[in-house]
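We use all heavy atoms of the structure for the numbers below, so side chains are in, but hydrogens, waters and symmetry mates are not. For ligands, and for the atoms within them, numbers begin at 1 and follow the listed sequence.
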Amino acid sequence: MDGRTGLPVVGMVGAGQLARMTHQAAIPLGQSLRLLAEHADDGAALVAPDVVVGDYRSLADLRAFAVGCDAVTFDHEHVPNEHIAALEADGVNVHPSAAAAIHAQDKSVMRRRLTESGVPCPRWTTVGDAADLDTFAAEVGWPVVLKAARGGYDGKGVWVVGSAAEAAPVLASGTPLIVEEKVAIRRELAAVVARSAFGQGAAWPVVETVQRDGICVEVLAPAPALDPETAEQAQALALRVAADLGVTGVLAVELFETDAGLVVNELAMRPHNSAHWTIEGARTSQFEQHLRAVLDYPLGSTAPTAPVTVMVNLLGGPDDVEPKSIDERVHHCFAHWPDVKLHLYGKQFRPGRKVGHVTALGDDLETVRARARAAADYLMNGGAL
Ligand code: ADP
């Protein structure tokens with residue numbers, strides 16, 4: 001507890017944009033997030049006063065950080081699982097637990113567990129050598145999708161390979177791999193839920209996540225033209241996975257919509273890009289909900305605040321944009337699209353880097369989407385208005 005306010009202290013390992021937005025959500029709850037940052041200029045470390053700079057790979061640093069925290073949680077999945085377990089053994093209140101978190105850290109553990117519990121997944125197997133891959137590909141057909149079991153993000157660690165020859169360099173890298181059939185994806189969806197330590201669950205509307213080059217560029221909430229029965233199934237599936245795995249906090253279940261129904265792509269156990277829209281688009285944002293869940297507070301309403309919400313990620317554009325000053329572009333953006341809400345993460349702009357997002361709300365998908373896209377495009381790429 002904070003001795004001055006009597007309110008709990010949540011420690012978040014990692015100080016990127018997810019921590020930055022969680023800190024924003026902590027403030028009205030009377031709290032201030034404590035951060036274990038890699039660098040003093042990480043996005044969240046710039047705006048929260050209680051920052052420890054340290055190494056999330058060091059158990060000593062994690063232990064020192066946890067002292068005085070009522071709950072410890074994460075803004076990424078890279079903390080070694082054995083360190084999470086060690087903190088738990090020390091008596092630290094860690095969310096998600098090591099036993100749950102492993103399913104967001106290791107794709108082979110995740111696939112095995114989900115397959116065992118009857119959750120629909122792409123056909124998959126672990127890959128030891130080229131012979132394993134050939135056997136699998138003979139069964140499902142080339143191309144197949146190789147994935148690093150650990151450490152991938154934004155499509156890094158995912159290789160679509162059309163032949164044994166194409167797979168050879170990936171296999172030779174020595175990275176532990178799984179292989180999946182290449183699913184004929186109609187579109188990608190996400191079912192984001194939260195589960196508290198007590199076991200209360202809450203689901204936001206299922207969204208469509210629009211991807212380009214393995215990166216989510218846009219989120220449409222709710223997923224357009226998704227039939228209510230499938231949407232409900234997806235929410236129920238995500239809540240069941242959260243309960244089965246004992247997840248506490250936010251769980252994002254990334255899904256592929258296929259002709260044969262929904263299959264699970266992967267799990268994230270932290271606030272997730274597919275639910276940034278909830279800051280304005282739902283009564284309770286995923287960031288507030290994550291805090292409620294890890295503190296075992298009752299969860300908040302997930303009801304949408306508008307019929308349609310669209311979030312567009314801001315991916316750094318070229319260096320030679322006009323007008324050159326981002327401040328000037330913000331100025332014009334606000335003048336042109338007063339309804340569009342801006343979130344910048346305090347990061348240096350680099351081409352392709354996720355530096356923020358914008359959100360627009362309204363009644364009509366095409367109108368809302370066009371406004372959000374145009375504002376995002378102008379902010380990153382400038383041009384005439
Ligand atoms: P990351 O952990 O890097 O986010 P994902 O497992 O989410 O990697 O894969 C990134 C993207 O690759 C997905 O969003 C999807 O577009 C594509 N992809 C992943 N797995 C498959 C698959 N089995 N079949 C077809 N496309 C896939």
Side-chain angles (χ1 to χ4, degrees), residues 14 16-18 74-79 81 101-115 119-127 132-133 136-137 139-163 166-167 170 173 175-192 206-220 223 234 237-238 241 250-276 311-313 315 352-354:
Q17 65 259 27
L18 302 176
F74 310 95
D75 101 331
H76 58 70
E77 39 278 311
H78 307 311
V79 175
N81 191 266
I102 191 69
H103 301 90
Q105 296 181 306
D106 187 314
K107 288 185 159 110
S108 125
V109 175
M110 177 270 290
R111 279 282 177 252
R112 188 165 301 119
R113 177 65 180 264
L114 294 185
T115 311
V119 172
C121 290
R123 282 178 291 172
W124 73 283
T125 188
T126 49
V127 184
D132 294 341
L133 184 61
F136 181 77
E139 221 174 279
V140 305
W142 299 96
V144 293
V145 183
L146 282 170
K147 294 185 174 183
R150 290 179 175 235
Y153 68 97
D154 281 353
K156 295 179 181 66
V158 175
W159 302 270
V160 179
V161 290
S163 65
E166 262 180 60
V170 185
S173 72
T175 315
L177 296 167
I178 66 164
V179 60
E180 298 177 352
E181 66 176 307
K182 185 166 187 303
V183 175
I185 302 172
R186 275 205 216 146
R187 58 176 173 167
E188 301 198 30
L189 304 175
V192 185
V206 175
V207 299
E208 176 173 345
T209 62
V210 181
Q211 316 276 329
R212 198 186 311 133
D213 303 329
I215 298 180
C216 170
V217 290
E218 208 169 271
V219 173
L220 315 176
L237 174 87
V241 169
V250 168
L251 169 72
V253 179
E254 295 181 13
L255 299 157
F256 297 145
E257 187 182 66
T258 75
D259 289 347
L262 301 178
V263 295
V264 171
N265 176 29
E266 68 167 349
L267 308 179
M269 294 178 195
R270 50 168 171 75
H272 191 254
N273 198 177
S274 61
H276 289 357
M311 186 236 45
V312 178
N313 278 330
L315 302 173
R353 189 183 199 197
K354 242 180 236 178

Checklist outcome for this item: If we number the atoms of ligand 1 from 1 as shown, the ones under 4.0 Å from a heavy atom of Lys147 are 6 (O), 19 (C), 20 (N)

Checklist entry - Would you find a donor on one side and an acceptor on the other, under 3.5 Å apart, between the side chain of Asp213 and the backbone of Ile215? => result no

Next on the checklist: So which atom in Cys121 and which in Leu114 form the shortest heavy-atom distance, rounded to 0.1 Å?
Outcome noted: SG-CB, 3.7 Å

Item to check | Interatomic spacing from CD in Gln105 to CD in Glu77 - rounded to 0.5 Å | outcome: 7.5 Å

Next on the checklist: For Val183, which part has a heavy atom under 4.0 Å from ligand 1: side chain, backbone, both, or neither?
Outcome noted: both

Checklist entry - Using a heavy-atom cut-off of under 4.0 Å, does the side chain or the backbone of Glu181 touch ligand 1, or both, or neither? => result backbone

Item to check | Rounded distance (nearest 0.5 Å) linking atom CG of Asn313 with atom CG of Asn273 | outcome: 4.0 Å

Next on the checklist: Show me which atoms of ligand 1 lie under 4.0 Å from any heavy atom of Phe256.
Outcome noted: 15 (C), 18 (N), 19 (C), 20 (N), 21 (C), 22 (C), 27 (C)

Next on the checklist: Regarding atom 5 (P) of ligand 1: of the candidates Val160, Asn265, Leu146, which has the closest heavy atom?
Outcome noted: Asn265

Item to check | N or O contact, Lys182 vs ligand 1, cut-off under 3.5 Å | outcome: no

Next on the checklist: Here's a test for you: under salt bridge (Lys or Arg N to Asp or Glu O under 4.0 Å), which of Arg123, Arg111, Lys147 qualifies with Glu181?
Outcome noted: Arg123

Checklist outcome for this item: For Lys107, the atoms of ligand 1 under 4.0 Å from one of its heavy atoms are 1 (P), 2 (O), 6 (O), 8 (O)

Checklist entry - Between the candidates Arg150, Glu180, Arg123, which shows the shortest non-hydrogen contact distance to atom 23 (N) of ligand 1? => result Glu180

Next on the checklist: If the cut-off is 4.0 Å to any non-hydrogen atom of Glu254, which atoms of ligand 1 fall inside it?
Outcome noted: 7 (O)

Item to check | Of the listed options Glu188, Glu77, Arg187, closest to atom 14 (O) of ligand 1 (non-hydrogen atoms) | outcome: Glu188

Checklist entry - If you look at every heavy atom in Leu189 and Glu208, which pair is closest and at what distance? => result CD2-CA, 3.9 Å

Checklist entry - Between Ile185 and ligand 1, is there a nitrogen or oxygen pair with a distance under 3.5 Å? => result no

Checklist entry - Does one side chain, of Gln17 or His276, offer a donor that lies under 3.5 Å from an acceptor on the other? => result no

Item to check | Nearest heavy-atom neighbours spanning Asp75 and Gly16 | outcome: OD2-N, 2.9 Å

